[in-house]
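For reference, the structure is listed below as structure tokens.
Predicted model, so just to flag it, every value in this text is computed and none were measured. In what follows, every heavy atom counts, from backbone to side chain, and hydrogens, waters and symmetry copies are set aside.
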Amino acid sequence: MNENTMIKNKDIKEKVLTGKRHGFAVLLGGILIYIAAVGLIIAGAMGIESVGFDEYGDAIYEISTPHIVMLVAGIVVCAIGWIPFCGLRILDPEEALVLTLFGKYYGTIREPGFYAVNPFCGSVNPAADTSLGQSRDVRKSVPSALKLTSDDGGASSQISIGGASKKISLKIMTLSNSRQKINDCLGNPVEIAVAVMWRVTDTAKAVFSVDNYKEYLSLQCDSAVRNIVRVYPYDVAPNIDTTGDGHADDGSLRGSSEIVAERIRQEIQSKVSEAGLEILDARITYLAYATEIAAVMLQRQQASAIIDARKMIVDGAVGMVEMALERLNAGGLVELDDERKAAMVSNLLVVLCGNHDAQPVVNSGTLY
């Protein structure tokens, strides 16, 4: 039974309702009908006449049949004349309204305007009370009549009156989930946060295929981020295959952020297509080692930077020593044996590679 119901829901296709922008006509017609009904009641009441008194002294009234018909008709119209007003719908740009009629999908209104639909239709939006907050997970808004929230350090507050709207926004929205602690492919814990730009493309799938499309999107984002981050190292590491082609590459979370974000977007899109959602973009907003290993990894990066700098200094110093010896030999200023050349090379390397300024020593004696 459940499998058949699931298959049936997946086969539901969005049906856009057009040509029903008669809201002003229905509103004006309803007002005129109510005015006419009030007139009938007044005209019927005017037909009530007093014809005398009974034996107890109470007045006896009489009304003709036409006046009775007008009075009853006016009362009936006033009693049921409000029903067409229940079918009035106002839709703003980039909004949609999913309608159902007695448990069946009736259609979707997408274009902005003032509509008059079947008054017995109901609006459906299971995610109406769910809002995706920036830099936090999905949070539920209180659907009560009054909600008041304030910050301890300031005077900002938020008051909402009434329940949430059943309209579905078609605008581009941003989901920024909280930071997640995930182990990369080397087992190092890293913290990462991703901002996802998304929108609803198929309102029927969003409403009927999943229970709550906003919560569904948030959970799929968390899952996709974990699946992709586990493939990459934080920094470039040897013998790591991040593309799945069987060959080692230079992919990393820090150096290939755009590629990682695109893979996350594709992973999320493959999961939420059945919910009628489109993932437009994904961006990494925060990336760092977890606090428990951040200090150690910083020392490692500093040591690597120092080694690279020393290599560059040594290469430059050796080149300068070679140039000095070549110019001395070419100019014939002094002839040095191998022992003196070695001493000269040692002194020059100490001077050029040292961290502090050299203290010169002047030899006023002979060379030997």
Side-chain angles (χ1 to χ4, degrees), residues 12-52 58-129 141-147 159-171 200 202-204 206-208:
I12 292 179
K13 296 182 180 180
E14 186 181 56
K15 180 174 64 175
V16 180
L17 300 178
T18 58
K20 296 185 179 295
R21 302 182 190 179
H22 308 303
F24 287 106
V26 173
L27 179 62
L28 181 60
I31 294 174
L32 294 177
I33 290 175
Y34 261 101
I35 294 175
V38 173
L40 289 175
I41 293 174
I42 294 175
M46 291 177 63
I48 301 175
E49 298 178 355
S50 176
V51 295
D58 296 330
I60 300 175
Y61 296 95
E62 188 179 66
I63 184 171
S64 61
T65 302
H67 289 88
I68 293 177
V69 172
M70 288 188 293
L71 186 62
V72 172
I75 295 175
V76 171
V77 171
C78 288
I80 65 174
W82 56 270
I83 295 178
F85 293 121
C86 296
L88 298 179
R89 300 288 192 275
I90 299 177
L91 208 61
D92 296 329
E94 296 300 324
E95 287 184 345
L97 199 62
V98 178
L99 303 175
T100 58
L101 180 61
F102 302 122
K104 294 184 179 181
Y105 176 52
Y106 183 77
T108 301
I109 303 176
R110 275 181 167 266
E111 297 297 328
F114 191 18
Y115 290 84
V117 297
N118 192 321
F120 297 100
C121 286
S123 304
V124 181
N125 183 7
D129 294 331
S141 61
V142 180
S144 58
L146 176 63
K147 179 180 70 174
I159 298 178
S160 62
I161 299 179
S165 174
K166 295 296 184 180
K167 298 177 183 178
I168 298 176
S169 176
L170 303 179
K171 301 175 183 178
V200 178
D202 192 315
T203 57
V207 171
F208 299 113

Seminar exercise, completed: Quick note, ring-ring contact (aromatic ring centres under 6.0 Å, His included) partners involving residues 18-40, not counting sequence neighbours, are Phe24-Phe114
Sequence neighbours left out, cut at 3.5 Å: what donor-acceptor pairs do the side chains of residues 35-42 make with other protein atoms?
none

Seminar exercise, completed: Here the pair of heavy atoms bringing Gly23 nearest to Leu88 is O-CD2, 3.7 Å
Seminar exercise, completed: For Val200, the side-chain contact (heavy atoms from CB on, under 4.5 Å) test, sequence neighbours excluded, returns Ile168, Leu170, Trp198, Thr203, Ala206, Tyr213, Leu277
For this session: Kindly compute the distance separating CD1 (Ile33) from CG (Leu28), expressed to the nearest 0.5 Å.
Result: 10.0 Å
Exercise. Should Pro84 and Pro119 count as side-chain neighbours, where that means a heavy-atom distance under 4.5 Å?
Worked result: no
Exercise. Please, which pairs that meet side-chain hydrogen bond (donor to acceptor under 3.5 Å, both in side chains) have at least one residue in residues 114-124, sequence neighbours excluded?
Worked result: Arg21-Tyr115
Seminar exercise, completed: Across all chains, not counting sequence neighbours, the ring pair (Phe, Tyr, Trp, His ring centres under 6.0 Å) partners of Phe120 are none
Problem set entry | Leu99 CG to Thr108 OG1 distance, which is reported to the nearest 0.5 Å | 7.0 Å
Exercise. Out of curiosity, Tyr105 OH to Cys121 SG, how far, rounded to the nearest 0.5 Å?
Worked result: 11.0 Å
Exercise. Of all residues at least two apart in sequence or in a different chain, which pass the side-chain hydrogen bond (donor to acceptor under 3.5 Å, both in side chains) check with Arg89?
Worked result: none
Identify each donor-acceptor pair in which a side-chain atom of residues 68-83 lies under 3.5 Å from a protein atom, sequence neighbours left out, and give them as a table.
residue: Trp82; atom: NE1; partner: Ala79; partner atom: O; Å: 2.6

Problem set entry | Where at least one partner belongs to residues 91-110, residue pairs that pass salt bridge (Lys or Arg N to Asp or Glu O under 4.0 Å), sequence neighbours excluded | Glu14-Arg110, Glu95-Lys167
Exercise. With Tyr106, which residues qualify under side-chain hydrogen bond (donor to acceptor under 3.5 Å, both in side chains), at least two apart?
Worked result: none
